[in-house]
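We use all heavy atoms of the structure for the numbers below, so side chains are in, but hydrogens, waters and symmetry mates are not. Chain naming here is simple, since letters A, B, ... match the order of the sequence lines and numbering starts at 1 in each.
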Amino acid sequence: MAYVQIIEEHEATGTVAEDYAFISGSYSHAFGSEVPAPQVYRTNSVVPEYFRFGAVQNRVLTNDGAHDAAPGPVPEILVMFAISKYSACFY
Amino acid sequence: MLLPLYPDPKIREQILEDPQTAPIPDVQKEMFRFAERFVRGSWEMGPADLERLRAVGLSEADIVSWATLGSTQTWFTMSADGGGIPMEGDALSGPGVGLTREHYEASAEGLLAPALGAGPRATAPETHGASWAGTDLEAPGYLEAARWAEERYGFVPNLLGAVSLQPNYFRRHQLALELLERPQSEKLEPRHHAMVRALVSQLTRCAYSQTSTRALLARSCGDEAWDRIAHAGADPSTDPVERVVLDFAAKVARHAYKVTDKDVQSFREAGLDDAAYVDVLNTTSIQVSLDRLANSLGVRPDGEPMLGK
């Protein structure tokens, strides 16, 4: 149970609905099957401007959902893991 | 996240315990070192940190990429911890690799940013360019972002030059700067928003951001507020709403993993709503994410604040 009110997909309108569709589509493309928007984005669904910020970050990380970035010296996912590890982020 | 990269559970365990002792490539060890300094004390980073990355083969664009990824992931970790979200069923981190919340709480000891007054004040990095890292100030993406900044702020912030080697991220940074200009919810007053930004930039000791956060605070609360803000949370004479907001911002900035549902409750008891809570959470996490980015790359402070028009 999240700490704050969450606007779920079926309740969303406007930009929140658009962003839910993009985020879910981006992850679905990456996993090869239909995936709902991950929980981490939902924290901000009650303020559309911040929900949009989450969607924009997914866009820049995935090249607008294409997931076609050239490999770097270390996988990006490992860099993100390292930040999470030192942040002691359980999620 | 670790499972597909390191199928061997022993290596995963070593990475979780201490990546510097794990049998992984030097470039990965340097990345973990960079990430640790980025999260724990970005204000202590210097040109030598970037030299170490160059020594293991990173290009200037790679260095900016790691700092940018760190900035982005900072926001994700704080959104997750601040929102108290449930775990994904198929997670590849945390419980997905056999870890418990106790592991995180124990490993977090010593990760805390020192309290205000316990560490040095922010100092401007020494650099003649936009930052310690390489730049490409002729790139089309940068020039487009520079035009946006000129129109919005009347000048081009050094932060944009510092990240010019990663032009795909400009729209993220631009939106972050826009969101930081004012509250995004009805119940959070502009003065509370300005206080949060000022407090956070003091906690992160970010000389780059303090040019803007100090000016924003002065506009809402007067010049004397800058020195008062560090102690406002502990001052019983502080307005209760102000105290709730500042206590929460400091908690998120220093150790977001300690946030609980009681923090949301304190907002409600002070007459604020969930949107205001999310607003303070994001103002804090976006400010921290940009401050770590600026600190880690040594972005030279601008001569004037970014206040928006």
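- B/Asp273 and B/Arg268 are not joined by a salt bridge, as no carboxylate oxygen comes within less than 4.0 angstrom of a charged side-chain nitrogen.
- Within a 6.0 Å radius of CD in B/Gln265, more than 12 heavy atoms belonging to other residues, nucleotides or ligands are found.
- In this structure, the portion of B/Asp62 lying under 4.5 Å from any heavy atom of chain A is its side chain and not its backbone.
- Chain A forms more heavy-atom pairs under 4.5 Å with one residue of B/Phe267, B/Phe34, B/Trp75 than with any other, namely B/Trp75.
- With a 4.5 angstrom heavy-atom cutoff, B/Thr68 does not touch chain A via any of its atoms.
- Highest contact tally toward chain A, considering only B/Trp66, B/Tyr277, B/Phe38, is held by B/Trp66 [criterion: heavy-atom pairs under 4.5 Å].
- The parts of A/Pro73 that come within reach of chain B are both its backbone and its side chain, each placing non-hydrogen atoms under 4.5 angstrom from that chain.
- With a 6.0 Å cutoff to the six-membered ring centre and a 45° limit on the axis angle, A/Arg59 counts as a cation-pi contact of A/Phe22.
- Of the two parts of B/Ala176, the backbone and the side chain both hold a non-hydrogen atom closer than 4.5 Å to a non-hydrogen atom of chain A.
- The candidate with the highest count of non-hydrogen atom pairs below 4.5 Å against chain A, out of B/Leu281, B/Asp263, B/Asn168, B/Ile286, is B/Ile286.
- Salt bridge absent: B/Arg171 and B/Glu178 never bring a charged side-chain N and a carboxylate O closer than 4.0 Å.
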### Query
Where do B/Asp291 and B/Trp43 land on the side-chain hydrogen bond (donor to acceptor under 3.5 Å, both in side chains) test, with the steps shown first?
CA-CA 9 Å; B/Asp291 290 356; B/Trp43 58 87; over 6 Å; no
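- Comment: B/Asp81 does not engage B/Lys258 in a salt bridge, judged by the lack of any side-chain N to carboxylate O separation of less than 4.0 angstrom.
- At a 4.5 Å heavy-atom cutoff, the contact between A/Val56 and chain B is made by side-chain atoms alone.
- Within the 4.5 angstrom heavy-atom criterion, no atom of A/Ile6 approaches chain B.
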